[in-house]
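Okay, so here's the structure we're looking at.
Order of the sequence lines sets the chain letters (A, B, ...), proteins ahead of strands, with each chain counted from 1. Computed from a prediction, not measured in an experiment: that's the story for all the values here.
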There are 2 protein chains.
Amino acid sequence: MSTPGLASTNEAEIKLLDSALRLFSQQGYEGTSIREIIEGAGVTRPVLYYYFENKEDLFQRLFETKFNDLIERINEAASAEGPCIPRLKGIIAGAFELAEENGAAVQLILQVLFSAPQQGPSLDRQKLMRQRFKIVEKVIRHGLDNKELSGGDSQSLTLVFLGIMDMHMMAKSNRMETRLSSELALSLVDLFVAGAKYRALPETNLVSPYAF
Amino acid sequence: MSTPGLASTNEAEIKLLDSALRLFSQQGYEGTSIREIIEGAGVTRPVLYYYFENKEDLFQRLFETKFNDLIERINEAASAEGPCIPRLKGIIAGAFELAEENGAAVQLILQVLFSAPQQGPSLDRQKLMRQRFKIVEKVIRHGLDNKELSGGDSQSLTLVFLGIMDMHMMAKSNRMETRLSSELALSLVDLFVAGAKYRALPETNLVSPYAF
DNA sequence: CCGTTTTTACCTAACGTTCGTTAGTTGTCG
DNA sequence: CGACAACTAACGAACGTTAGGTAAAAACGG
């Protein structure tokens, strides 16, 4: 039977979004057909057009939701109180958490951010990239200001930081058994700030989650 | 030589590969049609099927060529004599050079490496990733062995290193005016080995090529 | 060296399939 | 009854692909 009380809303819409996430994240936008999506959701085609304008609208609404989840997670860690380095750790840990909880969503996001310029539906990749970039850069600029960090301007360091973060999420996308633990997140930031140079000081001891 | 006089070599094949590179790198595999490719090359459709088995064969042969260019460039720097750190600098510098010379090729490569698992033509992404990974890892393991480097196992450090490298090439793909100079390559490796922690020692002074 | 055959490099014109999309209809409830 | 949520059935367009043909160059036999 349909829903008596609470849920009440559009079970079909949710099923469509779930199915679309699964398929888009694995096959990409053009590689996934409307027919596959509705089949995965167990509904018929006009139902999709009842809830969504068209294929692109479905993708955009799906993507927006998932991307906002990530931004929210990162933003939360970024706007914490205190020094910069723990906040950076929180950012990576937050992103890693999301990747563990919802691997498909993270796959979808990375896929969009790193796809060809004119690929897929029209999304302003640069704007999306910038959105995330700005959040991290603000934290790093803060760290540079109180001499917690050095070694380059805020934009350079941010690009390096995001590279480290994204490469690990990408590694998980390729091999889902790769665990992105919060311990790993902490180690990565330690490596980021202390470097990979041998010295006698207490050093990070990173262990790769990415075993070949 | 097959051709005594001028042209008469498979000019059409070269034009097709050029056109395909331009389009695939910008629109992706599924986003590019055979018709666009032949139009860009100024030939007719059967000509494409004369030189290539099908669309997938065209893509694979194009990709293989460009990927081997990158591997070759990286391998050359990796197999140089001497300590590890200059070799790492050579690796990034080599990749950056290629990105400056042939931006479209690098875009194509990154697009394949970072695309969704079942997207596009069947290519063994993991194998490709591993190929590049192994080359860099060997250099880094060497650095760990003679205490040039520390801070984690060879796989962890390699993943971080590749993340830094790829994120910069990705940034250039998004904004082609971004210059990936060899000076930047050196600075990035310095940052990689020395970290972003403030200290009185002689430090890298990275300046971002990626201005928002 | 010349006439014939074969191969190369391209063409025009279509084929069948799959795609995203929609018009029109029906059953269910408040 | 009328709004909602689903259905069946088809549409036109775009896709990758191929059958069949042609003009010129290359290879070859006498």
Side-chain angles (χ1 to χ4, degrees), chain A residues 1-24 26-63 115-116 118-123, chain B residues 1-24 26-63 115-116 118-123:
Chain A
M1 290 325 281
S2 62
T3 57
L6 70 149
S8 70
T9 20
N10 341 341
E11 182 188 348
E13 184 177 7
I14 295 172
K15 278 191 187 169
L16 279 168
L17 286 167
D18 280 354
S19 174
L21 173 59
R22 191 167 358 102
L23 290 163
F24 281 142
Q26 300 230 23
Q27 314 181 146
Y29 179 75
E30 275 115 351
T32 302
S33 72
I34 287 284
R35 286 166 169 81
E36 288 177 283
I37 296 172
I38 59 115
E39 191 179 339
V43 303
T44 58
R45 243 166 299 141
V47 173
L48 188 148
Y49 286 92
Y50 181 79
Y51 287 106
F52 304 93
E53 275 185 35
N54 49 36
K55 187 186 182 186
E56 187 164 334
D57 179 53
L58 166 58
F59 186 88
Q60 281 172 343
R61 277 169 52 188
L62 173 65
F63 176 79
S115 60
Q118 304 171 26
Q119 201 174 3
S122 75
L123 288 170
Chain B
M1 296 303 186
S2 59
T3 60
L6 60 145
S8 74
T9 29
N10 341 342
E11 184 189 347
E13 184 177 6
I14 295 172
K15 278 191 187 169
L16 279 167
L17 286 167
D18 280 354
S19 174
L21 173 59
R22 191 168 356 105
L23 290 163
F24 281 143
Q26 300 232 23
Q27 313 181 142
Y29 179 74
E30 275 114 350
T32 301
S33 72
I34 288 283
R35 286 166 169 82
E36 288 177 284
I37 295 172
I38 59 112
E39 192 179 339
V43 303
T44 58
R45 242 168 297 141
V47 173
L48 188 148
Y49 286 93
Y50 180 78
Y51 287 105
F52 306 93
E53 274 186 36
N54 50 35
K55 186 187 181 184
E56 186 163 334
D57 178 52
L58 167 58
F59 185 88
Q60 281 172 342
R61 277 168 52 189
L62 174 66
F63 176 79
S115 60
Q118 303 172 27
Q119 201 173 3
S122 74
L123 289 169

Rounded to whole Å, how long is the line connecting atom [atom1] of [X] with atom [atom2] of [N]?
| X | N | atom1 | atom2 | result |
| --- | --- | --- | --- | --- |
| E13(A) | dC4(D) | CD | P | 14 Å |
| I38(A) | dA6(D) | CD1 | C1' | 13 Å |
| K55(A) | dT22(C) | NZ | P | 15 Å |
| F24(B) | dG16(D) | CZ | P | 9 Å |
| E30(B) | dT18(C) | CD | P | 16 Å |
| Y49(B) | dT17(D) | OH | P | 4 Å |
| I37(B) | dT17(D) | CD1 | C1' | 14 Å |
| E36(B) | dC15(D) | CD | C1' | 11 Å |

Review point. Taking only N and O in the side chain of Y51(A), is any of them less than 4.0 Å away from OP1 or OP2 of dA6(D)?
Key: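 Answer is yes, contact under 4.0 Å.
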Check your understanding: Taking only side-chain nitrogens and oxygens of Y50(B), does any of them come within less than 4.0 Å of OP1 or OP2 of dC10(C)?
Key ->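 Result: no.
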In Å and rounded to the nearest 0.5 Å, what is the [atom1] to [atom2] distance from [X] to [Y]?
| X | Y | atom1 | atom2 | value |
| --- | --- | --- | --- | --- |
| L16(A) | L21(A) | CG | CG | 12.5 Å |
| R22(B) | E36(B) | CZ | CD | 11.0 Å |
| D18(B) | I14(B) | CG | CD1 | 7.5 Å |
| E30(B) | S115(B) | CD | OG | 9.0 Å |

In a table with atom names and distances, give each donor-acceptor pair under 3.5 Å that connects a side chain of residues 37-51 of chain A to protein atoms at least two apart or in another chain.
none

Review point. Taking only residues two or more places apart in sequence, or in another chain, which ones meet E56(B) in a side chain to side chain contact (heavy atoms under 4.5 Å, CB included)?
Key: Y29(B), N54(B), Q60(B), P121(B), S122(B)
Check the interface with nucleotides 7-13 of chain D: list each N/O to N/O pair with the protein under 3.5 Å, or write none.
residue : atom : partner : partner atom : Å
dC7(D)  : OP2  : T44(A)  : N            : 3.1
dC7(D)  : OP2  : T44(A)  : OG1          : 2.1
dC7(D)  : O5'  : T44(A)  : OG1          : 3.3
dA10(D) : N6   : R45(A)  : NH1          : 2.7

